[in-house]
Amino acid sequence: MKSHIQDLVSQALQQLASDGTIPADAIPTPMIERARDRQHGDFASNIAMVLAKVARCRPRDLAEKLVAAMPESSLVAKSEIAGPGFINFFLSDDTYHALIPEIMQQGHAYGRSNHGENKKVQVEFVSANPTGPLHVGHGRGAAYGATVADLLEAIGFEVHREYYVNDAGRQMDILATSVWLRYLSLCDEAFAFPINGYKGDYIWEIAASIKQEHGETYKHSAEAVFADITADEPDGGDKELHIDALIARAKSLLEENRYRYIFELALNNILDDIRDDLAGFGVTYQRWYSERSLTDSGAVNRAIERLRSSNYLYKKEGALWFRSTDFGDEKDRVVVRENGQGTYFASDIAYHMEKMERGFDRVIDVWGADHHGYIPRVKAALEALGDDPSKLDVLLVQFANLYRDGKKVQMSTRSGSFVTLRELRQEVGRDAARFFYVMRKCEQHLDFDLDLAKSESNDNPVYYAQYAHARVCSVLRQAGDKSIDITPTPGIENLDRLTESHEQLLLISLSRYPEIVEAAALNEEPHQLCHYVRELASEFHTYYNASHFLVEDAALRDGRIKLILAVRQVLKNGLNLLGVSAPESM
RNA sequence: GCCCCCGUAGCUCAGUUGGAUAGAGCAAUCGCCUCCUAAGCGAUAGGUCGGACGUUCGAAUCGUCUCGGGGGCACCA
């Protein structure tokens with residue numbers, strides 16, 4: 001609809017350009033927007049005010065000429081000039097009536113489009129370190145990234161969802177060592193667990209599985225493990241040096257193969273858990289991309305070589321630095337440490353280089369807001385590599401605060417309050433969690449009200465919207481019970497009976513759905529869809545209370561049934577795009 | 001100190017990319033079930049869009065400054 005109006009205005013502009021009323025060299029694409037006020041019709045354009053200056057005439061006069069030059073259209077009943085020079089378009093009733101059979105025919109495809117022209121977009125999200133179960137903070141990135149990906153897919157992009165697995169580096173060694181130490185405890189060795197080790201229950205579980213399967217194969221005495229190890233923090237030492245020494249000891253005592261075994265077991269265990277957790281959240285990926293594979297495949301070396309050959313690297317204090325300040329970063333960054341190991345940043349350069357090599361038209365990274373300082377250096381690296389940094393979009397997601405009984409739930413690994421995504425899902429359910437997480441703009445701090453998410457009342461937007469869907473289903477069931485024939489007639493038959501204001505408003509809302517999906521996708525703003533779904537549900541509930549659907553008058557009943565079938569379809573499409581189910585009864 | 005995000009009704013937030021008289025939901029007050037699910041609906045009240053200056057036909061929206069809140073500034077990931 002919108003694009004049709006846009007065409008009409010464009011044609012009128014061409015017409016005025018050819019007779020010299022406006023300069024032909026600067027014809028913009030006219031901006032068409034939904035009228036806010038019903039009295040202003042359905043769509044409005046400000047084009048006359050925009051062009052008044054170059055056309056050297058008053059906005060309203062220009063608007064007059066545009067309306068006169070506008071081609072006839074069966075969709076438009078009339079167009080008016082109003083206010084300082086707006087052109088308001090009033091659509092014909094037929095236009096809205098035709099919408100109903102269109103929605104029914106397209107079904108789940110209504111609202112989808114090919115706007116993206118199958119361009120390839122990669123969305124990388126969550127990518128939490130596989131050192132433990134997903135945190136409630138990761139949940140927002142998961143819900144947000146998944147919804148943005150689904151939205152982009154809905155408007156015709158070819159979407160590739162990816163999870164970057166940080167399976168290399170010190171944190172993973174700490175994990176493997178933590179598991180091994182817990183295993184030793186299970187073998188009745190007594191010692192103080194390092195303050196910097198991973199202390200969660202899941203570490204015990206993994207350790208126990210090793211014990212169960214392999215007995216004491218991996219056992220070494222506590223004396224051997226802790227001999228000459230630098231003291232931990234509680235003993236007046238340094239916790240970092242302490243854990244590093246323990247890692248080194250684990251590697252030497254276990255030797256390569258056995259250390260590897262525990263390392264891999266811990267990694268795969270946790271990764272399986274994360275995968276399972278996300279799947280239960282309706283979040284799936286095309287690929288889990290291993291950081292280690294970047295080293296193994298030589299991508300990291302290749303990236304460093306490319307930077308070196310373009311003279312963006314230099315040695316200082318034993319380390320290899322990337323001159324990111326050449327591209328606006330605050331300071332230069334180390335890519336290879338003094339000890340010869342590549343930094344996390346080096347892997348990330350390789351990863352993003354590789355993303356570009358894979359030919360994505362656009363790359364979206366969803367990060368926690370605390371990583372924002374990281375953006376300039378990654379963009380700098382892409383630029384230094386000769387790639388186009390504007391292809392990379394980094395979306396920062398602010399943290400979510402949980403509230404229970406009106407009080408903020410303190411979240412630290414220590415506190416007893418729940419912290420995992422799995423626990424959140426168990427408490428409030430998948431639907432509420434998915435919806436609440438994307439209800440706000442991503443850069444907005446999110447107050448997640450657990451009590452509200454669980455409440456079965458109209459205060460809860462998820463239930464409210466789902467209930468509207470269930471209500472339509474319920475009405476149809478009632479009709480069946482009463483043996484009322486509700487098989488809808490084809491086409492636009494009887495839709496002219498929908499003359500009430502609530503019905504008009506619903507038709508308008510239904511017609512807006514594709515525009516909402518497109519805007520939500522292009523702006524990476526799922527919350528727009530949340531608001532829309534809530535509004536549509538609200539309009540339906542109002543209608544429900546104001547009018548009976550299963551009326552005696554068969555033609556009127558048919559019109560209304562067709563309308564609420566369409567409402568049901570759009571509610572379902574919208575909810576599903578948000579990863580929320582559309583139940584048939586509640 | 002430098003950088004990023006946020007200040008809109010008592011609370012939580014929208015605001016169609018600069019448009020017409022700033023909107024929802026809670027909470028408050030008053031109503032609506034012999035009738036398709038009251039898990040619902042209607043009505044009333046509530047505002048100097050943090051502040052100042054600027055940009056133009058027009059600013060909650062853009063720019064500069066300022067005040068308040070949050071976050072970030074590793075040879076960690």
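Order of the sequence lines sets the chain letters (A, B, ...), proteins ahead of strands, with each chain counted from 1.
Atom name P, nucleotides B:G18 and B:U61: the rounded distance is 11 Å, in whole Å. Nucleotides B:C41 and B:C4, compared at atom C1', are 44 Å apart to the nearest Å. On the P atoms, B:U29 is 34 Å away from B:U21, given to the nearest whole Å. Taking atom P in both B:C62 and B:A24, the straight-line distance is 23 Å, to the nearest Å. One C1' atom belongs to B:C67, the other to B:C53, and the distance between them is 15 Å to the nearest Å. On the C1' atoms, B:A22 is 28 Å away from B:G31, given to the nearest whole Å. For the C1' atoms, the distance linking B:U34 with B:U44 amounts to 30 Å, nearest Å. Rounded to whole Å, the separation between the C1' atoms of B:U55 and B:C65 comes to 15 Å.
With sequence neighbours left out, A:H502 forms a ring pair (Phe, Tyr, Trp, His ring centres under 6.0 Å) with no residue at all.
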Next on the checklist: What does the 5'-to-3' dot-bracket notation of RNA chain B look like when only Watson-Crick and G-U wobble pairs under 3.5 Å count, and pairs to other strands show as |?
Outcome noted: (((((((..((((.....[...)))).(((((.......))))).....(((((..]....))))))))))))....
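For B:G15, one of the phosphate oxygens OP1 or OP2 lies less than 4.0 angstrom from a side-chain nitrogen or oxygen of A:K441. Listed pair A:K53 / B:C57 meets the phosphate criterion, a side-chain N or O lying under 4.0 Å from OP1 or OP2. Regarding contacts with the backbone of B:U21, every side-chain N or O of A:Q39 stays at 4.0 angstrom or more from both OP1 and OP2. The shortest distance between the side-chain N/O atoms of A:H445 and the OP1/OP2 oxygens of B:G7 is not below 4.0 Å. The phosphate of B:A74 has neither OP1 nor OP2 within less than 4.0 Å of any side-chain N or O from A:T343.
Under the 4.0 Å criterion applied to side-chain N and carboxylate O atoms, A:E518 and A:R512 are not assigned as salt-bridge partners. A salt bridge links A:D244 with A:R170: at least one charged nitrogen is closer than 4.0 Å to a carboxylate oxygen. Under the 4.0 Å criterion applied to side-chain N and carboxylate O atoms, A:D296 and A:R292 are not assigned as salt-bridge partners.
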For nucleotides 34-36 of chain B, list the nitrogen or oxygen atoms of the protein found under 3.5 Å from its nitrogen or oxygen atoms, one pair per line.
residue, atom, partner, partner atom, Å
B:C35, O2', A:H548, NE2, 3.1
B:C36, O3', A:Q478, NE2, 3.2
B:C36, N3, A:F549, N, 3.2
B:C36, N4, A:Y544, O, 2.7
B:C36, N4, A:S547, O, 2.4

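Atoms CE and CG, on A:M1 and A:L91 in that order, are 6.0 Å from each other to the nearest 0.5 Å.
For the pair A:P461/A:M439, a side-chain contact is recorded, criterion being any heavy-atom separation below 4.5 Å from C-beta on.
Distance, A:E500 CD to B:G42 P: 14 Å, rounded to whole Å. Atom CD1 in A:I375 sits roughly 18 Å away from atom P in B:G71 (whole-Å rounding). Going from atom CG of A:N339 over to atom P of B:C75 covers 13 Å, rounded to whole Å.
Residues A:Q466 and A:D431 have side chains that bring a donor and an acceptor to within less than 3.5 angstrom of each other. With 3.5 Å as the limit, one finds no donor-acceptor pair spanning the side chains of A:Y312 and A:E383.
B:C33 shows a glycosidic angle within 90° of 0 and is accordingly assigned syn.
Remark: the A:D459 side chain and the B:G25 base include no donor-acceptor N/O pair separated by less than 3.5 Å. Contact annotation: side chain of A:H371 to base of B:A77, donor-acceptor pair present below 3.5 Å.
A:E317 comes within contact range of at least one nucleobase, with a heavy-atom separation under 4.0 Å. Residue contacts shown for A:A35 are absent, as no nucleic acid heavy atom lies under 4.0 Å away.
Both tests do not hold together for A:K408 against A:Y403: distance to the six-membered ring centre under 6.0 Å, angle to the ring axis within 45°. Geometric assessment of A:R557 against the ring of A:F549 yields a negative cation-pi assignment under the 6.0 Å and 45° thresholds.
Remark: ring of A:Y464 does not overlap the six-membered base ring of B:A39 in a stacked fashion, as centroids less than 5.5 Å apart with planes less than 30° apart are not both met.
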